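Let me begin by presenting the structure, written as structure tokens, before commenting on it.
Numbers for residues simply follow the sequence, beginning at 1. Predicted, not measured: the structure shown is a model, and the values here were computed from it.
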Amino acid sequence: MKEYGLSDAEIYKFQDPSHWLIYFPPIAREDLKAFGLGCDWRRSFITTDMNPYYDLFVRWQIRKLKEMGKIVKDLRYAIYSPLDGEPCADHDRASGEGVLPQDYTLIKMEVRKPFPAKMGALEGRRVFLAAATLRPETMYGQTNAWVLAEGKYGAYEINETDVFIVTERASLNLAYQNLSRVPENPTCLVELIGQDLIGLPVQSPLSFNKIIYTLPMMNVLTDKGTGIVTSVPSDSPDDFMTMNDLETKKALREKFGVKAEWVFPFEVVPIINIPEFRDKSAEKVCMNLKIKSQNEKEKLAEAKRLTYLKGFTEGSMLVGEFTGMRVQDAKPLIRSKLLENGQAVSYSEPEKKVMSRSGDECVVALTDQWYITYGEEEWRKMAEECLSEMKLYHDETRNGFDHTLSWLNKWGCSRSFCLGTRIPFDEQFLVESLSDSTLYMAYYTIAHMLQNGELYGRDTSLVKPEKMTDEVWNYVFCDGPYPKSSTISQSVLNKMKQEFSYWYPFDLRVSGKDLIQNHLTFTIYNHTALLPQHHWPRGFRCNSHIMLNSEKMSKSTGNFKTLRQSIEEFSADATRFALADAGDGIDDANFVFDTSTSAIMRLTKEISWMEEILESESSLRSGPSTYADKVFLNEINIAVAETEKNFDEYMFRDALKTGFYDLQAARDEYRFSCGFGGMNRDLLWRFMDVQTRLITPICPHYAEYVWRKLLKKDTFVIKAGWPEAGIPDLTLRRANMYLQDTIAAMRKLLEKQISGSKKPNKKASPVTLPSTENKPTKVLIYVNEHYDGWKAECLNILRANFNTESCQFKPDSEIQLALKQSDVGQQANFKQVQKLCMPFLKFKKDEALSVGIQALDLKLPFGEMEVLRENLELIRRHLGLEQVQVLDALNADDIIKAGQHAILLQQTPLSPGSPTSIFLS
């Protein structure tokens, strides 16, 4: 805060959480105004109970959800911050957003007496190695237990009689799940390391081996589960390979003090049959993947994926009371049996590490709190129906919503402290921050009427907060009956309802992609529950984070810049220009400082050019349109159409390209194409008008300056509307591209002919460059406007085998058969025909798949000779020649003009779109 100029006295005030709401919003508003944000600031508001209107709005929403049975109180697992003393929702986390509790079955493997000396303090207690497993159905096949030899463990008091040996991390999770003698405070009776546990005899539930032993495994994780792992080598590749290592490597056993009798009597116990891998899946997959030891982690991960997936989806039980049952059906029954018999307990922990914003590592706690019943079957169907009709702009966004709807279940909506709204039916709790902001888009529609433009909802409105009863909210937002008991005037109530109906359903909500998994999906759920279907959301546009100069923005590394700093350094419009250029997809955008600097130069240069044009108006051409005029006007029309489409899709980088960069390039090409004839005055005025309007959403301050100061318009450009334009002529654009490509190819050929070969020949003869007298002064351009002969036959075959609806060709075998049956295929050896035709067929197929069926036309959609002849002067200037002739490659009289070079026309037969140039001195 000191870096941003705050005094110690001001910083001291931030101890009060409400001061944050007072200090920063006005600053944010001023920064956004400086940025040029177009906004109805009357509708701005603060959330939390500091704003009495919004507080009542949220209370109404929560009450209504409870009345509908969609808010319930329940005892459930939740990610929890021990330091904060309450559940840690996504927005309360420094890391681990979206992480959920992972449920395990904790197998109680009882340690048999006598205890070793180090565990003497545990005499008189029941001591268990507590192993967390996701596969309780495999417990029949246990042959041993695993520990990490160097891992840190402890014997933790669960109750007066039972002790669990687990890691410290697991003990903390257990303590918050009512599995500690002292709730929320694990008591360690003995500190241990894994080596102390090796060789312990244990009796494990369901195992066919009455006694099994604890053995060392190098791959045991102490930051996941409890650090104790059950071993089932029939179905676990890791267990199978580790057991194999202990059996075959005496030195490994000696290293950890493992006795032979702890290993060799225990054979693999078949418990599950998988059709593909039979009854010893781990052994089979390890053999298939040629795994040699427990150290081949990547191969073992793949083996685990195969066995676990196939085991669950295709496996059937071979043992136990559920013999013959599918694994996926038997699994929950076996888990229930273990829990009922007291042989296991339920255990949960975060799927991944979660750090709260307070700085502590979160656990999973069993909490009694209020939940919103997201995921309830009928409600979920409504949410899916709403989502199916929404415009989401990117497939990744839709996939994110689909995934979230597939797993999202009850969501804890209450918290004990912080800013917010009190739960109206249980005021000891507040509504958590992701649950009080799911319907506020509706509040925007009437905020200005309630708060009179005052950010905090202070007492400046004719509509007092206490008048906003549930009946009023229902009338305005839910098509409820008119609230006859309300003291608000009928005209005001109707005006509020009219405002809401005008703006709703909202067409677009722009937000971050990280909110798909919570806030945005909650928004869908709440709208479908509370509002009639015709007011359900229509669209979300999700963005990612922003990088600075291709690196993550971070205060700690110094790669950080506020909006205000960027405006002061680059200006508002240069900042907006670089933001538009930063990228629009679901991936991180990249704000580049050089782009901002370049924008300043580009815009300044453009102003200078326009000033020059305006000053030289009298020298500009008027009258009939030239070919160059038509092309430039067409490019302007195309820019208008494409830029409108890009803005409609919120693709700002593409809009910047089509509405500025491409338009600039078209103007520069037009300027050169006009040559000595000069540019058309009306067309240049049209260009300046259109370009200014197209850049306005990105650079409004620049656009207003040009519009009013240079173009002398009376109105503001932001009110000028989108420019009207003619229908783009794509054939004309293609003709111009043909012209420019032809000129570029001729220039390259001419440069090569003038410079000669830069490499000596094989005899090392010196390279001689042509004298000035021998440099070409004339070019003959030969054109063949029609495919003929075998090429025409090939194109006809492709056309006959192309499906215009699916834009796909029939199989190659059918195309080859058609070629064989054609006149060309019947005239010669078919292998020779294939050698001649197949490359051309493939080339035209690929082209057709790329640009459409027009690639299979026998001629281009414009006259090549006409285009070239209309631009002889332009070609001459580009090439620096004195004379240019366009000739017909099929006309004998024209071919004679090539003289000795006519052989070039025979060696390389011409095709439409590929003219041949012959340069003469």
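Taking Phe322 as the reference, nothing meets the ring-ring contact (aromatic ring centres under 6.0 Å, His included) condition, with sequence neighbours excluded. Here Asp74 pairs with Lys410 under the side chain to side chain donor-acceptor pair (under 3.5 Å) rule; sequence neighbours left out. The salt bridge (Lys or Arg N to Asp or Glu O under 4.0 Å) test applied to Glu261 returns no partner, not counting sequence neighbours. Considering only residues two or more places apart in sequence or on other chains, Phe522 meets the ring-ring contact (aromatic ring centres under 6.0 Å, His included) condition with Tyr374, Trp411. Taking Phe843 as the reference, nothing meets the ring-ring contact (aromatic ring centres under 6.0 Å, His included) condition, with sequence neighbours excluded. Taking Asp329 as the reference, Arg326 meet the salt bridge (Lys or Arg N to Asp or Glu O under 4.0 Å) condition, with sequence neighbours excluded. Under the rule for a side chain to side chain donor-acceptor pair (under 3.5 Å), Ser406 has no partner lying at least two apart in sequence or in another chain. Residues satisfying the ring-ring contact (aromatic ring centres under 6.0 Å, His included) criterion with Phe401, sequence neighbours excluded, are Phe540. Among residues two or more places apart in sequence or in another chain, the salt bridge (Lys or Arg N to Asp or Glu O under 4.0 Å) test is passed with Lys284 by none.
Remark: Asp812 engages Lys845 in a salt bridge, criterion side-chain N to carboxylate O under 4.0 Å.
Pairs of residues two or more places apart, or lying in two chains, that qualify as side-chain hydrogen bond (donor to acceptor under 3.5 Å, both in side chains) and include a residue from residues 297-306 are Glu302-Arg305. Among residues at least two apart or in separate chains, side-chain hydrogen bond (donor to acceptor under 3.5 Å, both in side chains) pairs with a member in residues 272-283 are Asp235-Ser281, Glu276-Lys310.
Atom CD of Glu814 has more than 12 neighbouring heavy atoms from other residues, nucleotides or ligands inside a 6.0 Å radius.
A donor-acceptor pair under 3.5 Å is formed between the side chain of Glu296 and the backbone N or O of Lys292.
Side chains of Asn159 and Thr161: a donor-acceptor N/O pair is present below 3.5 angstrom, by distance only.
Classified by interplanar angle (parallel below 30°, tilted 30° to 60°, perpendicular above 60°), the ring pair Tyr176/Tyr80 is tilted.
Contact of the Asn219 side chain with the Gln294 side chain is registered, since non-hydrogen atoms from C-beta on lie closer than 4.5 Å. Between Val345 and Gln177, the closest side-chain pair of non-hydrogen atoms is not below 4.5 Å.
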Pairs under 3.5 angstrom only: tabulate donor-acceptor contacts from the side chains of residues 142-155 to other protein residues two or more places apart or in another chain.
unit_1	atom_1	unit_2	atom_2	d
Gln142	OE1	Ser204	OG	2.6
Gln142	NE2	Met139	O	2.9
Gln142	NE2	Ser204	OG	3.1
Gln142	NE2	Pro205	O	2.9
Asn144	OD1	Ser231	OG	2.9
Trp146	NE1	Ser231	OG	3.2
Trp146	NE1	Asp239	OD1	2.9
Tyr153	OH	Leu148	N	3.0
Tyr153	OH	Gly227	O	2.7

